[in-house]
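Just so we're clear, the structure is a prediction, and the values are computed from it rather than from any experiment. Within every chain, numbering begins at 1; the chains are lettered A, B, ... in the order of the sequence lines, protein sequences first and strands thereafter.
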Amino acid sequence: MDFNRAHVLEMEDIAFFKPQKRVALENCGLIDPESIEEYIAKDGYFALAKCVSEMTPGAVIEEITKSGLRGRGGAGFPTGTKWAFAAPEVADQKYVVCNADEGDPGAFMDRSVLEGDPHRVLEAMAIAGYAIGASQGFIYIRAEYPIAVERLRLAIRQAQELGVLGKNIFGSSFSFNIELRLGAGAFVCGEETALLASTEGRRGEPRPRPPFPAVSGLFEKPTVINNVETLANIPKIIRMGADWFSAMGTERSKGTKVFALAGKINNIGLIEVPMGTTLETVINEVGGGIQGGKKFKAAQIGGPSGGCLTSAHLGVAIDYESLTQAGAMMGSGGLIVMDEDTCMVDIARFFLEFTQEESCGKCPPCRIGTKRMLEILDKITTGNGTMEDLDHLETLAETIRDSSLCALGQTAPNPVLSTIKNFRDEYEAHILEKRCPSGVCLSLLSYTIDPEKCIGCGLCAKACPVEAISGVIKEPHSIDQSKCIKCGACMDTCKFSAISKK
Amino acid sequence: MSCNCGSVVKDERFLLIDKILEQNNRDEAMLIQILEQVQHELGYLPEDVQSYLAEAIGIPLSTIYGVVTFYSLFTTEPIGKYIINVCMGTACYVKGARDILAEFEKQLDVRVGGTTEDAKFTLRACRCLGACGLAPVLNVNGKVFGRLSTEDVRKIIDQFE
């Protein structure tokens, strides 16, 4: 037997892992998420013990502030500052709320943390509770994540049994408990004031701020709301110290960021890289490049609120500021990679359809404006757009961005604005040439029969529901484009691959 | 025994609802979880159920109706035995979820959001399931099917026939 380890790759030697650094995800996949003992064996709940027995609430906030940790839910607000707002408020009850309403299509980092390391989130919430003087926490989680819900329920029960949640934690005077609240399918509930309304059992509609939740939040009590990934960083910052954390990342964005890599890329999944890693590294090294050796076209970052980055942005070091500058945003970390077969106008339309449907309807710019934008995009993708429509679309987008009540509306136009900016030629091809360069927009495609391949069997003519196909048996058939409804039935029936769409 | 007024059925439903209400202390703040549990038992939230809940919790029917119609998880119409949720998240969309959905519409002869005449299938387009690695993905009553092509559609339907 050859026990020489030289043939076995170390994790760091694998291209996928090499540029990565795992903080929020450090336990995911390594420990049994249903065992509190395994979490404790990985130094779990030691940070909470350190806080309640050795640190004052002020010192905890100080440490988090010094670490430079910023909210991972999208906007990037400094976490320590948020806590420092709520701490001095005087009230009979304060709350810590964990925002686990991960609604961005294409993002699943919060789900992974909740399913793979639920105790980490509980510990962090208790630390937040200690820091601001709250004794009750709520996790607002999507009902679409049943396994995460189940594991959280189990984790809370285990933590209560061991006394790391409940009354007089670690023999101190600090008590903290956590309850779950399930969402019912509304994207807007990721917005903090909407989330609070929904946690109270109401329609999840946002309200103007101020008052900020730190002053008047859940049930009008001072409330701190943190995202799952933000919380997942907290225990390790307390254990390792603020300096350890702030040594990673860029000048204004510290630590690491988890991205959900998806789309037309070889390595699909969650990755965690230090802030400041370039898009190039993420896509080509960690992601292993584009599927099928195709050409990279764009990466949509930040979900429906974000924008797209192009090959010109490959050298951008990813952090909060550089992404905003490039016309995208960090968002929660969805990173969808697209290749040459993706139509950018169609993608913009897809995101707008999403935000338009998810608009809660409270403020007119978002409710009516996004609807009008969608109508214009529909016009363009069906070949009826004009160049005036394009200008109108931009003006409308800017108005909605500037006048909507909450972040959903304010950021809804981003995908449209960034695709117009980076892929104006594609919009123009749809409008001026009535052509979809990527061959996606159905109305702009036509089905044709290749006379070389067609043997004249007549199957397609029989399948056609509108009798658009004619021809003599045993001779090549043809499609009357004015009658064709582009259903694709002919292409499905043809046994000789003689029909193509382009 | 063969009375058609439906009162016997009704009583059973409301007994169930009472139990759910008790578990949640008839608390207004628990409205969403109450509605979720009731829908889980009954399949949908018809108007008489909403009225009953309004009275029992002590809030206006309009408030309940407002919540029911706000969240996409709630339905006021009866649904099929099997619910097909086709994920339309970005990753799935980019990988052809639209074709999958169209194929289901064709095969089942039903529009998105609709239920087949035999009340067997309800076809829905849903928000990201968070399983982007399996894109395009869907689930049928919680059972997940991933990395699909349009050819798989018939096979999935047949499994539940």
TODO: Name the option with the most non-hydrogen atom pairs under 4.5 Å to chain B; the candidates are A:Gly103, A:Pro146, A:Cys189, A:Ser198.
DONE: A:Ser198
Task: B:Phe121 and B:Phe160 aromatic ring geometry - parallel, tilted or perpendicular at 30°/60° bounds - done: perpendicular
TODO: Tell me, out of A:Ile347, A:Thr199, A:Ile268, A:Val337, who's got the most heavy-atom pairs with chain B below 4.5 Å.
DONE: A:Ile268
Open item on the list: Working to the nearest 0.5 angstrom, can you tell me the gap between A:Lys362 NZ and A:Arg207 CZ?
Closed with: 9.0 Å
Task: Which portion of A:Glu179 sits near chain B, non-hydrogen atoms under 4.5 angstrom - done: neither
TODO: Just say parallel, tilted or perpendicular for the rings of B:Tyr52 and B:Phe14, cut-offs at 30° and 60°.
DONE: parallel
Open item on the list: If I measure from the heavy atoms of chain A, does B:Glu28 come under 4.5 Å with its side chain, its backbone, both, or neither?
Closed with: backbone
Task: Among B:Met88, B:Lys106, B:Arg124, the one residue meeting side-chain contact (heavy atoms from CB on, under 4.5 Å) with B:Leu101 - done: B:Met88
- [ ] Below 4.5 Å from any heavy atom of chain B, which atoms of A:Leu182 appear? Answer side chain, backbone, both or neither.
- [x] both
Task: Partner chain B: residue of A:Glu144, A:Lys264, A:Gln300, A:Met109 with the largest heavy-atom pair count (under 4.5 Å) - done: A:Lys264
TODO: For B:Glu47 and B:Tyr65, test the side chains for any donor-to-acceptor distance below 3.5 angstrom and give the result as yes or no.
DONE: no
Open item on the list: For the interface with chain B, which of A:Asp492, A:Leu270, A:Asp339, A:Asp346 has the highest count of heavy-atom pairs at distances below 4.5 Å?
Closed with: A:Asp346
